[in-house]
Amino acid sequence: MEFTGSHILSIAQFQRADIERVFQVADTMEPYALRRKVTRVLEGAILGNMFFEASTRTRVSFGSAFNLLGGEVRETTGFKTSAISKGESLFDTARVLSGYSDVICMRHPEAGSVAEFAEGSRVPVINGGDGANEHPTQALLDLYTIRKELAGRGRDIDNLRIAMIGDLKHGRTVHSLCKLLCLFSNIQLILVSPPELAMPESIVEALCAAGHKVQISEDLTESIVSVDIAYSTRIQEERFESKEEADQYRGRFRLNQSIYTQYCEPNTVIMHPLPRDSRACANELDNDLNLNPNLAIFRQADNGVLVRMALFALVLNVADQVDAHARDVIWHTGR
Ligand code: CP
């Protein structure tokens with residue numbers, strides 16, 4: 001794909017070579033993300049960070065990634081402080097905000113809304129999550145994490161064995177990750193959910209069409225016995241009619257150290273897009289896993305900065321100029 005000037009709206013835009021390019025650029029961002037070097041390659045550029053739905057990681061890591069490349073960030077959060085609450089259309093909002101920004105990142109609760117917004121934008125728009133539809137940058141950072149975690153074991157993404165666990169119906173991160181895995185070979189997926197929260201049929205069909213082996217299960221412990229990755233997800237309460245409806249499913253699949261020790265292979269990597277729901281009624285990944293070296297959830301979140309820096313550098317066509325605008329960090333970093 002041609003990255004320069006492109007919107008990043010869906011995983012469907014990517015071919016395998018594009019993924020390799022993103023990962024190769026993400027690797028080069030490590031000295032900047034680890035505060036060993038500073039680059040000013042995007043000095044003067046402005047990111048419009050538009051988040052109309054709650055976010056911690058995606059919003060702040062997009063902003064940090066842009067700052068780390070030397071750019072400035074302008075943000076709006078929620079509908080109340082936006083003129084959308086006065087009836088302004090997504091098209092008009094995009095038309096206006098794209099006059100103030102060089103690139104826009106957006107999260108919105110409606111599926112398809114970010115693509116609609118992009119139609120009105122004069123600058124590239126990156127999807128930070130549109131309803132239950134897609135979260136393409138999360139899928140990229142998830143796959144980047146999987147590649148890194150498995151690299152030390154002589155494994156690659158091809159031939160991966162992965163269990164996806166939880167609310168697979170509403171979980172946009174697993175939707176995008178499945179679409180991404182369709183680009184690879186011989187993947188074994190175990191999709192663990194209550195039947196009511198099963199992975200959408202169209203995604204299962206795409207996985208099968210890609211030649212992957214897909215197993216559907218409601219049993220957590222059986223499903224995590226022979227996998228490289230156990231990828232847990234939260235019950236997406238915000239997509240249910242009521243809290244009471246979501247409560248029926250919360251806490252159904254709980255992974256803790258005792259279950260991990262009893263059922264998982266010794267090196268099974270534990271992932272979660274976060275936030276994990278740590279309330280007693282849910283606790284899908286217990287805190288007693290925090291000292292488990294195979295708990296990759298915080299490395300996963302850190303990798304989000306690298307991947308988002310790479311996307312900015314590619315979309316704004318500065319990936320080959322980052323080092324030319326670099327200097328050493330002179331402050332105490334504590335890293
Ligand atoms: N993983 C993720 O999208 O987290 P936030 O909702 O905090 O952005």
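Whatever order the structure lists ligands and atoms in, that order sets their numbers, starting from 1. Keep in mind that this is a model prediction, so the values were computed, not measured.
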In terms of the angle between their ring planes, are Phe66 and Phe312 parallel, tilted or perpendicular, with boundaries placed at 30° and 60°?
-> perpendicular
Which ligand 1 atoms does Thr58 reach within 4.0 Å, using its non-hydrogen atoms?
-> 2 (C), 3 (O), 4 (O), 5 (P), 8 (O)
Go through ligand 1 atom by atom and flag the ones less than 4.0 Å from a non-hydrogen atom of Pro273.
-> 1 (N)
Is the shortest distance from a Lys or Arg side-chain nitrogen in Arg21 or Asp18 to a carboxylate oxygen in the other one below 4.0 Å?
-> no
Does ligand 1 have any atom sitting under 4.0 Å from a heavy atom of Glu53?
-> no
Can Arg161 and Ser226 be counted as having a side-chain donor-acceptor contact under 3.5 angstrom?
-> no
Check whether the side chains of Ser217 and Ser223 place a donor and an acceptor atom closer than 3.5 Å, and report yes or no.
-> yes
Nearest heavy atom to atom 2 (C) of ligand 1 wins, so pick from Thr56, Leu274, Thr173.
-> Leu274
Closest approach of any protein heavy atom to atom 6 (O) of ligand 1, naming residue and atom | Arg107 NH1, 2.9 Å
In this structure, atom 4 (O) of ligand 1 is nearest to the protein heavy atom Arg57 NE, 3.1 Å
Please say whether Ser55 places an N or O atom under 3.5 Å from an N or O atom belonging to ligand 1.
-> yes
Separation between CZ (Arg57) and OG (Ser64), nearest 0.5 Å, reads 12.5 Å
Gly128 to Phe62 - nearest heavy-atom pair and separation | CA-CE1, 4.1 Å
